Chemist: 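Take this structure, written in structure tokens, and hold onto it; I'll ask about it next.
In this text the structure is predicted, and so the values were computed from the model without any measurement.
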Amino acid sequence: MYVLDTNVFIDAANAYYAFDLAPGYWDFLVQLFDSHHAVSIKSVYDELGEAGDGDPLKDWAKRHKQRFIAPDSRVVACYQRVIAWAKNNYDSPAVVEFQRVADSWIVAHALAHGWVVVTHEKSAPRSKRRIKIPDACVALGVECLNPFMMLRNRGMSLAL
């Protein structure tokens with residue numbers, strides 16, 4: 001099962017798979033959700049909801065709100081582990097930002113349930129100012145893929 005990061009949606013809509021040019025990408029994500037091969041989380045939904053009214057991505061997220069799950073007790077326990085790791089390895093402002101955005105919860109969900117994180121973020125293991133999802137995943141033993149790898153693994157192709 002995949003847990004999808006905020007940028008999988010934002011980067012796709014703005015850079016890779018605009019709704020009007022690649023509707024198949026969005027249909028594919030819904031199919032992953034419907035077949036229980038992917039989820040995203042409430043924190044990601046909340047971040048997507050920060051866009052202005054009429055934003056197509058915000059509207060898409062609203063139509064699929066039930067696909068964005070809340071944390072359960074296992075996730076909350078793992079979240080504490082994720083934050084303890086962050087505090088032991090990063091400067092305080094980086095930890096505060098990691099907690100403020102969905103990133104820490106994404107890693108906690110994946111850790112709690114043995115899921116694979118999907119993100120466009122790139123690793124930056126020497127950074128002490130910003131915690132990158134791939135680095136948290138490596139440190140905590142969570143598999144992490146970029147969206148293109150996920151699409152290939154699922155046999156998806158974009159054909160015209």
Chemist: Nearest 0.5 Å, please: how far is CZ in Phe28 from CE in Met150?
Modeler: 5.5 Å
Chemist: Nearest 0.5 Å, what's the CD-NZ distance between Gln99 and Lys87?
Modeler: 5.5 Å
Chemist: Do Val116 and Val3 come within less than 4.5 Å of each other through their side chains, counting heavy atoms only?
Modeler: no
Chemist: Under 3.5 Å, side chain of Asp91 to main-chain N/O of Pro93, donor-acceptor pair present?
Modeler: no
Chemist: Side-chain donor-acceptor pairs under 3.5 Å in residues 135-147, sequence neighbours left out?
Modeler:
from   : atom 1 : to     : atom 2 : distance (Å)
Asp135 : OD1    : Ser123 : OG     : 2.3
Asp135 : OD2    : Ala124 : N      : 2.8
Asn146 : OD1    : Phe148 : N      : 2.9
Asn146 : OD1    : Met149 : N      : 2.8

Chemist: Got Tyr25 and Phe19 here, is their nearest side-chain heavy-atom distance under 4.5 Å?
Modeler: no
Chemist: When you group the ILVMFWY residues by side-chain heavy-atom contacts below 4.5 Å and let the links chain together, are Val101 and Trp85 in the same group?
Modeler: no
Chemist: For a quick test of reading the model, state the closest non-hydrogen atom pair linking Pro134 to Lys122 and the distance between them.
Modeler: CG-C, 4.1 Å
Chemist: What are the two closest heavy atoms between Asp72 and Val75, and how far apart are they?
Modeler: OD1-N, 2.9 Å
Chemist: Measure the shortest side-chain to side-chain distance between Leu57 and Trp26 over non-hydrogen atoms and say whether it is less than 4.5 angstrom.
Modeler: yes
Chemist: Please name the pair of heavy atoms, one in Ala61 and one in Phe68, separated by the smallest distance, quoted to 0.1 Å.
Modeler: O-CE1, 4.1 Å
Chemist: Would you indicate whether the side-chain heavy atoms of Tyr45 and Ile41 approach each other to under 4.5 Å?
Modeler: no
Chemist: Please work out which of the three classes, parallel, tilted or perpendicular, describes the rings of His113 and Trp115, given edges at 30° and 60°.
Modeler: parallel
Chemist: Closest heavy-atom contact between Asp103 and Arg130?
Modeler: OD2-NH2, 4.1 Å
Chemist: So Arg81 and Leu111, do their side chains get closer than 4.5 Å, heavy atoms only?
Modeler: yes
Chemist: Find the distance between OG (Ser92) and OH (Tyr90) and round it off to the nearest 0.5 Å.
Modeler: 14.5 Å
Chemist: Rounded to the nearest 0.5 Å, what separates atom CG in Leu29 from atom NE2 in His37?
Modeler: 14.0 Å
Chemist: Where do Ala110 and Val117 come nearest, in terms of heavy atoms and distance?
Modeler: CB-CG2, 3.5 Å
Chemist: What pair of heavy atoms forms the shortest contact from Cys78 to Ala108, and how long is it?
Modeler: CB-O, 3.7 Å
Chemist: Do Tyr2 and Arg154 have side-chain heavy atoms sitting under 4.5 Å apart?
Modeler: yes
Chemist: Are Lys42 and Ile69 close enough that some pair of their side-chain heavy atoms sits under 4.5 Å apart?
Modeler: no
Chemist: Going hydrophobic residue to hydrophobic residue with side-chain gaps under 4.5 angstrom, can you get from Leu48 over to Val30?
Modeler: yes
Chemist: Linking I/L/V/M/F/W/Y whenever their side-chain heavy atoms sit closer than 4.5 Å, directly or via other members, would Ile133 and Met1 fall into one cluster?
Modeler: yes
Chemist: For a 4.5 angstrom cut-off between non-hydrogen side-chain atoms, does Pro71 reach Trp105?
Modeler: yes
Chemist: Report all side-chain donor-acceptor pairs from residues 4-17 shorter than 3.5 Å, counting only partners two or more places apart or in another chain.
Modeler:
from  : atom 1 : to     : atom 2 : distance (Å)
Asp5  : OD2    : Asn7   : ND2    : 3.0
Asp5  : OD2    : Thr119 : OG1    : 2.7
Thr6  : OG1    : Glu47  : OE1    : 2.6
Asn7  : OD1    : Thr119 : OG1    : 3.4
Asn7  : OD1    : His120 : N      : 2.9
Asn7  : ND2    : Thr119 : OG1    : 3.2
Asn14 : ND2    : Ile10  : O      : 3.2

Chemist: For Arg129, look at atom CZ and say whether over 12 heavy atoms of other residues, nucleotides or ligands are found less than 6.0 Å away.
Modeler: no
